[in-house]
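All remarks here apply to the structure that follows.
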There are 2 protein chains.
Amino acid sequence: MPKLGMEPIRRKALVTAAIAEIGAAGSLDVTVSAISKRAGMSSALAHHYFGNKDQIFLAAMRHILAGFAVEVHSRLSVATTARDRLSALVEASFARSCFDPEVISAWLNFYVKAHSSADAMRLLRVYQRRLRSNLICALRPLSQHPEALADGIAAMIDGLYIRAALGAPISQDPVATILAFTAPHLKDT
Amino acid sequence: MPKLGMEPIRRKALVTAAIAEIGAAGSLDVTVSAISKRAGMSSALAHHYFGNKDQIFLAAMRHILAGFAVEVHSRLSVATTARDRLSALVEASFARSCFDPEVISAWLNFYVKAHSSADAMRLLRVYQRRLRSNLICALRPLSQHPEALADGIAAMIDGLYIRAALGAPISQDPVATILAFTAPHLKDT
DNA sequence: ATTTTTATTGATTGACGAGTCAATAAAAAA
DNA sequence: TTTTTTATTGACTCGTCAATCAATAAAAAT
């Protein structure tokens, strides 16, 4: 009873199932069968559409990265001042869709995966470069050394992500933490 | 030709081999055979001394944590002012022995492992609590809100570790980055 | 109407790897 | 000197899992 045009539906189902499964397991040690089962199909079909497990992971990673990009753009588009743009970037990183426990866990695992997968590394570099250049751009009117500031902020974002991933008790809103740390370094104009 | 008293020697060899192997693979996806081979013994012997793979990982993690503790204490013992103690804590995190690529990679992988292993999580919490309380202690004379500052600094340490783990081009000395970020928040006495 | 294309799965293969075990050997204790 | 304890390994078992494949079925194209 095959309906046509299933490919995009199946792909999306597999991607979200993969993220959920990775989140539940807390690692990439997840079987294609488990992912497929959660997505409501046989593992053979998952292989049919994705070829192999790594491609599923990569697609999941792309999905998360794309979700982040959406959060960034939607906030950036309504920001007027440089300070607004900075806030927008930090807030996007901790937006609900990015800061969901499942997503955080998957994100962290992809970070590690990048160590042993050139494809994953490439994807990550794209994200890193984009975030960095966005930060520098927002910081340029606010600082003499936008690069150094941007690197520190990016590190804090990643660091707070890790803590969240570990379920560490978050003392405060991470956004507030980062902005408070950054504030004294900005020109007061 | 068994010489007696091999146990501690074998254990240490396995632990360092495990860290090396994890560093080389960039993941915990490492076989006991590979670890044992690198350590110069059969996999059966590794099982004999450690019981199972997880215990090897845990021991490796403990080894890294202990190495970090040594760096901390050696620096803390010669620090006189509060500012010195703060620098000591940050510098210890990036000491040669802690900032070795192999160690960074292993460290990051243990971080992820903690997600799915209660034992690993316990170890990590010990480290986190210790670092946090050390930081707060050093910051108390320097700030009204030592907790918030400590959390930010801890996050930056982790974040810069991640970037190092990914081999991201490090623009500056991470220690300098953190201290520069922190400086404006400290009492100027 | 038959052929092709798309969707789908159960069953199978093949590899790999953790953990066990029996066997061997040498030191130490009895 | 016999026995026990410690060290050590090669061979084996058992499970798991990624990936393949043959088979089935329905839509679309011819």
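Values in this document were obtained by computation on a predicted structure and should not be read as measured data. Per chain, numbering begins at 1; letters A, B, ... match sequence-line order.
In the hydrophobic cluster analysis, where Ile, Leu, Val, Met, Phe, Trp and Tyr join through side-chain heavy atoms closer than 4.5 angstrom, A/Ile9 is grouped together with A/Ile19.
Rounded to an integer number of Å, the gap from B/Leu4 CG to D/dT4 P is 17 Å. Between A/Lys53 atom NZ and D/dA18 atom P the separation is 4 Å, expressed in whole Å. At whole-Å resolution of the value, CG in A/Leu14 and P in C/dT9 are 11 Å apart. As rounded to whole Å, 11 Å separates atom P of C/dA7 from atom CZ of A/Arg11. Rounded to an integer number of Å, the gap from A/Glu21 CD to D/dA18 P is 11 Å. For the pair B/Asp29 CG and C/dG17 P, the interatomic distance rounds to 9 Å; values are reported in whole Å. For B/Lys37 and D/dT8, the NZ to P distance is 19 Å, given to the nearest whole Å. Going from atom CE of A/Met6 over to atom C1' of C/dT5 covers 16 Å, rounded to whole Å.
Taking the six-membered ring for Trp and thresholds of 30 and 60 degrees, B/Phe99 and B/Phe94 have ring planes more than 60 degrees apart, a perpendicular arrangement.
Checking D/dA27, C/dA18, D/dA7 against the side-chain heavy atoms of B/Thr31 singles out C/dA18 as nearest. Of the candidate nucleotides C/dG19, D/dT8, C/dA18, D/dT8 has the atom nearest to the side chain of B/Arg10.
The closest donor-acceptor contact from the side chain of A/Arg11 to the backbone of A/Tyr49 lies under 3.5 Å. Without hydrogens or angle criteria, B/His63 side chain to B/Thr16 main chain gives no donor-acceptor distance under 3.5 Å.
Nearest-nucleotide positions on DNA chain D for B/Pro8 and A/Ser33 put B/Pro8 closer to the 5' end.
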**OP:** Please report the C-alpha distance between A/Leu123 and A/Phe110 in whole Å, then the side-chain angles of each, then the deciding distance to 0.1 Å, and finally whether the side chain to side chain contact (heavy atoms under 4.5 Å, CB included) criterion is met.
**Re:** CA-CA 10 Å; A/Leu123 269 181; A/Phe110 290 141; over 6 Å; no
Subject >> Residues B/Ile153, B/Leu89; criterion side chain to side chain contact (heavy atoms under 4.5 Å, CB included); working and verdict >> reply: CA-CA 10 Å; B/Ile153 293 172; B/Leu89 291 169; over 6 Å; no
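Contact check of residues 39-51 of chain A against DNA chain D (heavy atom, cut-off under 4.0 Å) returns A/Ala44, A/His47.
Applying the side-chain contact (heavy atoms from CB on, under 4.5 Å) test to B/Pro184 and every residue at least two apart in sequence or in another chain returns A/Pro184, A/His185.
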